[in-house]
Amino acid sequence: MKQKTKNAFFIGIATFTALLSVWGPESVAEYQDRGRFNQIYTETANDSQAGYLYKLGANEKLSILSRCLNSQTRPESEQHSLTHPDNAGIYPESDGSYAFVANYRSPLGQEISDDRIFDKCNDALSQLTEAGILPDDYRETDAASYDATLYSAIDVLEPRNNIAVWMLNLKSNTKNTDKENRLMDICMDAEDGKIYEFFVRTSLLWEDIDTDRMIEEWARYMGLNSPAPYESDNPLLESTPYYKKYVFSGTGGESTIVTIGFYEGINELFLKISR
């Protein structure tokens, strides 16, 4: 009798243990969850495990923008369509791995918004004037006189390598548009507001312009390394004899050409990324 009682006791314990192993964890978890529902808990994250935001350097931005501009024919103002030559064969054909496209979405949080673009542009132009890069006889930009379009320059094979730029163009469809002392075209970084290119009508003459000092100041303003003169025996690089080209080194042995030039007759000074 005692042996049967002892066996029943052990069987009962084994059965209870088996049931507890099956239902016990679920019941405990459910009980703990009841204590956490509708409660707010905070936890300090370990910053050392945080990722990083990939950010392009100034020379990388310049290189990508140059190649993207080379990959297509940009819409140009009336003046540029008359004065720019057919550059076919001067620059290499695009391999299709870079794109420069109009961006029809609204600017993102870190990009200059539509309602701030002209104020930011005029602030940047003032910086160029103070640095001696831009003559001080220009008229400021405004929404009534200029069209502003947001573009994306993208390395298609490495899409994280992309920059957004604002292109500002003097409206040419307005009757009797006064172009005296006007900026004709501007290419501006959509995030930091730095100006990559400009074409401006001025009272200056070519002999008044110190291109070496101008390019050094522009490189400093952009955060670029110092340029070297670009030597070429091609007489058809520009449609004007008044220009000087400079080369900026990039990553992976690549380089970018920047040109300072002058159109005589209409007295237009320009600084542009060659394309």
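Side chains included, hydrogens not; waters and symmetry mates left out as well; all remaining heavy atoms used.
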A.B. asks: Just checking, is any N or O donor in the side chain of Lys171 or Ser145 under 3.5 Å from an acceptor N or O on the other one?
C.D. replies: no
A.B. asks: Rounded to the nearest 0.5 Å, what separation is found between the CG atom of Asp142 and the CD1 atom of Ile117?
C.D. replies: 13.0 Å
A.B. asks: Under a 4.0 Å threshold between the charged nitrogen and the carboxylate oxygen, would Glu268 count as salt-bridged to Lys179?
C.D. replies: no
A.B. asks: Name every donor-acceptor pair, under 3.5 Å, that has one atom in a side chain of residues 219-228 and the other anywhere in the protein, sequence neighbours excluded.
C.D. replies:
residue: Arg220; atom: NH1; partner: Glu217; partner atom: OE1; Å: 3.1
residue: Arg220; atom: NH1; partner: Glu217; partner atom: OE2; Å: 3.0
residue: Tyr221; atom: OH; partner: Ile195; partner atom: N; Å: 3.0
residue: Asn225; atom: OD1; partner: Asn59; partner atom: ND2; Å: 3.1
residue: Asn225; atom: ND2; partner: Ser249; partner atom: OG; Å: 2.7

A.B. asks: At what distance, to the nearest 0.5 angstrom, does OH of Tyr98 lie from OG of Ser63?
C.D. replies: 6.0 Å
A.B. asks: Could you tell me if the side chain of Tyr242 sits less than 4.5 Å from the side chain of Ile209, heavy atoms only?
C.D. replies: no
A.B. asks: Using the rule that two of Ile, Leu, Val, Met, Phe, Trp, Tyr join whenever any of their side-chain heavy atoms come within less than 4.5 Å, decide whether Val101 and Ile273 are in one cluster.
C.D. replies: no
A.B. asks: Please determine, by modelled atom types, if Asp136 and Thr129 share a side-chain donor-acceptor pair under 3.5 angstrom.
C.D. replies: no
A.B. asks: Given Lys245, which of Thr211, Ile260, Ile257, Val258 fulfils the side-chain contact (heavy atoms from CB on, under 4.5 Å) condition?
C.D. replies: Ile257
A.B. asks: Say whether Tyr138 and Ile133 are linked into one hydrophobic cluster, either directly or through other cluster members, by side-chain heavy-atom distances under 4.5 angstrom.
C.D. replies: yes
A.B. asks: Counting N and O atoms only, with roles assigned by atom type, does the side chain of Asp119 sit under 3.5 Å from a partner on the main chain of Arg116, one being a donor and the other an acceptor?
C.D. replies: no
A.B. asks: Any donor-acceptor pair under 3.5 Å linking the side chain of Asn161 with the backbone of Ile64?
C.D. replies: no
A.B. asks: Indicate yes or no: at least one non-hydrogen side-chain atom of Leu170 is less than 4.5 angstrom from one of Met184.
C.D. replies: yes
A.B. asks: Are the aromatic rings of Phe199 and Tyr263 close, with centres under 6.0 Å apart?
C.D. replies: no
A.B. asks: So, using salt bridge (charged side-chain N to carboxylate O under 4.0 Å, His left out) as the criterion, who are the partners of Asp192 when residues are at least two apart?
C.D. replies: Lys61
A.B. asks: Between Asn234 and Ser232, does any side-chain donor sit less than 3.5 Å from a side-chain acceptor?
C.D. replies: no
A.B. asks: Using a 4.5 Å cut-off on heavy atoms from C-beta on, say whether the side chain of Thr240 contacts that of Glu264.
C.D. replies: no
A.B. asks: Under 4.5 Å between side-chain heavy atoms, counting indirect links through other Ile/Leu/Val/Met/Phe/Trp/Tyr residues: same cluster for Leu134 and Ile266 or not?
C.D. replies: yes
A.B. asks: Tyr146 vs Phe118 aromatic rings, parallel, tilted or perpendicular, using cut-offs 30° and 60°?
C.D. replies: tilted
A.B. asks: Quick one: side chain to side chain contact (heavy atoms under 4.5 Å, CB included) partners of Glu231, sequence neighbours excluded?
C.D. replies: Pro229
A.B. asks: From Asp115 CG over to Lys120 NZ, what is the distance, rounded to the nearest 0.5 angstrom?
C.D. replies: 12.0 Å
A.B. asks: Spell out, yes or no, whether Phe100 and Ile154 are grouped together once hydrophobic residues are joined by side-chain heavy atoms under 4.5 Å, including indirect joins.
C.D. replies: no
A.B. asks: Mind checking whether Leu269 and Met214 have side chains closer than 4.5 Å, heavy atoms only?
C.D. replies: yes
A.B. asks: Main chain of Gln110, side chain of Glu191: is a donor-acceptor contact present, judged purely on distance under 3.5 Å?
C.D. replies: no
A.B. asks: With a 4.0 Å cut-off, would you call Arg67 and Asp155 a salt bridge?
C.D. replies: no
A.B. asks: What I'd like to find out is whether the side chain of Leu183 reaches to under 4.5 Å of the side chain of Leu125, using heavy atoms alone.
C.D. replies: yes
A.B. asks: How many angstroms lie between atom CG of Asn169 and atom OG1 of Thr149, to the nearest 0.5 angstrom?
C.D. replies: 6.5 Å
A.B. asks: Flag the pair Lys244 / Ile215 as yes when at least one side-chain heavy-atom distance between them is below 4.5 Å, and no otherwise.
C.D. replies: no
A.B. asks: Is there a side-chain contact between Leu65 and Glu197, using heavy atoms and a 4.5 Å cut-off?
C.D. replies: no
A.B. asks: Going by distance alone, is a donor N or O of one side chain under 3.5 Å from an acceptor N or O of the other, for Thr259 and Tyr230?
C.D. replies: no
A.B. asks: Within this structure, what is the CD1-CG distance for the pair Ile186 and Leu168, rounded to the nearest 0.5 Å?
C.D. replies: 5.0 Å
A.B. asks: Looking only at atom types and distance, does a side-chain atom of Tyr246 sit under 3.5 Å from a main-chain N or O of Asp212, one as donor and one as acceptor?
C.D. replies: yes
A.B. asks: Are any side-chain N or O atoms of Trp166 and backbone N or O atoms of Ile112, one a donor and one an acceptor, separated by less than 3.5 Å?
C.D. replies: yes
A.B. asks: Can you tell me how far OH of Tyr151 sits from CE of Met188, rounded to the nearest 0.5 angstrom?
C.D. replies: 16.0 Å
A.B. asks: Going by side-chain hydrogen bond (donor to acceptor under 3.5 Å, both in side chains), Ser203 matches just one of Asn181, Asp208, Asp137. Which one?
C.D. replies: Asp137
A.B. asks: Thr141 versus Asn122: any side-chain heavy-atom pair under 4.5 Å?
C.D. replies: yes
